[in-house]
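So that the names make sense, note that chain A is the first sequence line, chain B the second, and so on, each numbered from 1. Worth knowing before you read on, the calculation uses all heavy atoms, side chains too, and leaves out hydrogens, waters and symmetry mates.
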There are 2 protein chains.
Amino acid sequence: MAAESDEPARRRLSRAEAKARTRALLLDAAARVFARKGFTGASVEEIAETAGFSIGALYSNFGGKEALFLELLSHRQTDRIAEAAQTLDRYEPGTGEAAAELGRLLLDVADKDIDFAPLQAEFWLYAVRNPDVLDAMAANLRAPRQALEGVISTSLAQQGAPAEVSAEAVATVVAALFGGLVRQRRIDPASVPEELFGQALKWLFAGINAGTTPAATESE
Amino acid sequence: MAAESDEPARRRLSRAEAKARTRALLLDAAARVFARKGFTGASVEEIAETAGFSIGALYSNFGGKEALFLELLSHRQTDRIAEAAQTLDRYEPGTGEAAAELGRLLLDVADKDIDFAPLQAEFWLYAVRNPDVLDAMAANLRAPRQALEGVISTSLAQQGAPAEVSAEAVATVVAALFGGLVRQRRIDPASVPEELFGQALKWLFAGINAGTTPAATESE
DNA sequence: GTCTATATGCCGATAGAC
DNA sequence: GTCTATCGGCATATAGAC
């Protein structure tokens with residue numbers, strides 16, 4: 001009673017802050033449960049319990065299971081690709097330092113953040129099966145991809161790469177390779193050693209700078 | 001009655017052949033439904049109906065939904081990676097012909113065989129979530145990967161690549177890139193043009209042959 | 001705003017007819 | 001060997017107490 005009327009927005013939590021906290025906890029729990037059980041396999045009961053709330057609280061804060069999932073898909077695309085972009089920005093692509101850092105990042109995503117890749121796969125499957133959200137998914141992937149494109153673009157210029165090499169194309173290749181290697185490492189870790197991602201990027205950038213194209217007939 | 005006792009195994013279908021045909025039809029239907037609805041989302045009723053049979057026929061031929069799925073996961077891994085290996089075997093990697101053929105293959109898998117990538121994603125998710133089948137999944141991926149490794153190995157030797165370049169590593173990179181690009185194309189087709197896969201392989205092989213490594217300090 | 005209790009529907013699996 | 005009918009269980013979503 002005492003701390004109710006004289007402290008308008010601080011002192012413990014305001015009602016709005018409490019609600020925001022509940023929402024955040026539910027979103028965290030949802031991310032974990034969706035990653036572990038899949039969208040269809042996850043139950044709202046387990047999500048609510050994991051967050052420490054009841055089913056009623058979930059429905060009070062979100063429209064339902066699908067709304068919760070779509071909120072994650074749209075606003076929780078932290079995408080570790082952005083981290084790769086930052087790493088490539090700090091170190092020069094094609095160097096040993098960048099390769100070592102990217103290897104660390106790959107292991108981090110594949111081995112430590114065990115919910116990341118499965119949740120991403122769930123997002124992808126949902127988008128492929130529901131054309132309505134396909135655009136949202138594409139938009140979410142575009143942001144980190146452009147960050148990657150930016151650092152690659154300046155790097156290509158510095159290294160004197162042929163002008164017709166598109167930074168967007170290289171960024172797409174790097175991102176696809178990253179995702180593919182993360183997934184392969186989850187299935188067969190021995191086949192994807194720590195250095196592989198960095199090594200592949202060394203090859204890639206060396207090949208780009210090696211000339212317009214190895215078969216110099218007139219391919220493009 | 002007439003065609004029963006005097007034609008032991010031909011004339012229409014024998015009982016064993018009929019059963020084999022039912023199994024095959026159920027497996028085909030299961031692959032489609034699992035790809036479109038996911039493992040949890042798919043119902044045995046829809047699978048049976050898609051195949052043109054009843055729920056009872058499904059249970060008579062398979063242990064249940066999970067057994068059906070695991071049979072697909074283990075024996076239906078046609079894996080288009082093997083096709084990529086064949087293509088690289090016919091044409092020289094790094095050439096324009098190989099690049100064109102691989103571009104065609106990528107579009108074929110991504111655009112035409114619309115159930116392939118989602119089903120593969122379902123397999124991957126199931127394996128990641130069920131450690132018991134993780135080994136089976138790894139084994140299935142290993143076969144086509146080794147086919148790819150074989151053609152890459154001879155190709156590297158012909159092109160005079162540094163001896164310390166591991167064909168297994170290159171094969172893993174190629175396979176991961178292929179899978180990653182297929183997925184990206186399903187989300188944002190414009191970002192993955194037909195030539196991209198072949199172009200990336202040209203860069204990759206050019207980089208491998210460019211020397212031990214661009215940063216020739218003493219990285220490996 | 002959060003909880004408990006419940007209504008309604010669907011799914012996997014089985015039993016028994018043919 | 002295949003089909004129809006059904007049982008038991010669990011999930012989503014809601015209604016009403018606090």
Side-chain angles (χ1 to χ4, degrees), chain A residues 1 3-5 8-9 11-30 32-34 36-72 122 126 129-130, chain B residues 1 3-4 8-9 11-30 32-34 36-73 122 126 129-130:
Chain A
M1 294 178 195
E4 174 65 281
S5 54
R11 193 84 223 134
R12 288 283 182 234
L13 256 50
S14 79
R15 6 274 167 285
E17 282 171 335
K19 175 155 182 162
R21 183 176 159 278
T22 302
R23 278 182 59 97
L25 287 172
L26 280 168
L27 284 168
D28 282 348
R32 254 182 307 172
V33 178
F34 281 136
R36 303 221 235 260
K37 304 288 181 72
F39 172 68
T40 321
S43 72
V44 291
E45 185 182 14
E46 185 176 357
I47 293 172
E49 275 179 7
T50 300
F53 293 94
S54 65
I55 299 179
L58 189 154
Y59 277 93
S60 164
N61 283 280
F62 297 93
K65 187 164 98 159
E66 195 165 21
L68 193 48
F69 185 77
L70 291 177
E71 178 113 352
L72 283 175
E122 288 291 333
Y126 191 92
R129 289 168 183 156
N130 301 81
Chain B
M1 290 177 196
E4 174 67 280
R11 193 84 223 133
R12 288 286 182 231
L13 256 51
S14 77
R15 8 272 169 287
E17 282 171 336
K19 175 154 182 164
R21 183 177 158 278
T22 302
R23 277 183 60 97
L25 287 172
L26 281 168
L27 284 168
D28 282 348
R32 254 182 305 171
V33 178
F34 281 136
R36 305 222 235 261
K37 303 289 180 71
F39 172 68
T40 322
S43 72
V44 291
E45 185 182 12
E46 185 175 358
I47 294 172
E49 274 178 9
T50 300
F53 294 93
S54 64
I55 299 178
L58 189 155
Y59 277 93
S60 163
N61 283 280
F62 297 94
K65 186 163 99 159
E66 195 166 20
L68 194 49
F69 185 77
L70 291 177
E71 178 113 351
L72 283 175
L73 187 149
E122 288 291 332
Y126 190 93
R129 288 167 184 158
N130 300 81

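Atom CG of L68(B) is separated from atom C1' of dA13(C) by 14 Å (rounded to the nearest Å). With rounding to whole Å, R21(B) atom CZ is found 15 Å from dG1(D) atom P. Taking atom CD1 of residue I47(A) and atom C1' of nucleotide dA13(D), one finds them 14 Å apart after rounding to whole Å. Summarising the geometry, the separation between CG on L25(A) and P on dG1(C) is reported as 16 Å, rounded to the nearest angstrom. E45(A) places its CD atom 9 Å from the C1' atom of dC10(D), with the value rounded to the nearest Å. E49(A) places its CD atom 13 Å from the P atom of dC10(D), with the value rounded to the nearest Å. What separates CZ of F62(B) from P of dT14(C) is a distance of 16 Å, to the nearest Å. A straight line from CG of L26(A) to C1' of dC3(C) spans 13 Å, rounded to a whole angstrom.
The nucleotide whose nearest atom lies closest to any side-chain atom of K65(A) is, among dG12(C), dT12(D), dC3(D), dT12(D). Among the nucleotides dT14(C), dG1(D), dG1(C), the one closest to any side-chain atom of I55(B) is dT14(C). Side chain of F53(A), nearest nucleotide from dC3(D), dT2(C), dG12(C): dT2(C).
A42(A) comes within 4.0 angstrom of sugar-phosphate atoms only, judged by non-hydrogen atoms across all strands, and of no base. Heavy atoms of S43(A) sit under 4.0 angstrom from primed sugar atoms or phosphate atoms, though from no base atom.
Using bins of under 30°, 30° to 60° and over 60° for the plane-to-plane angle, the ring pair F39(B)/Y126(B) lands in the perpendicular bin.
Within the structure, every side-chain polar atom (N or O) of T22(B) is placed at least 4.0 Å from both OP1 and OP2 of dG1(D).
Not a single donor-acceptor pair under 3.5 Å links the side chain of K19(B) to the backbone N or O of N61(B). In this structure, the side chain of R129(A) engages the main chain of R36(B) through a donor-acceptor pair within 3.5 Å.
The 5' end of DNA chain D is approached more closely, in terms of each residue's nearest nucleotide, by L58(B) than by the other of Y59(A) and L58(B).
Atom NZ of K37(A) and atom CD of E122(A) lie 12.5 Å apart (nearest 0.5 Å).
Summarising the geometry of I47(B) relative to L26(B), their closest heavy-atom pair is CG2-O, 4.1 Å, with the distance given to 0.1 Å.
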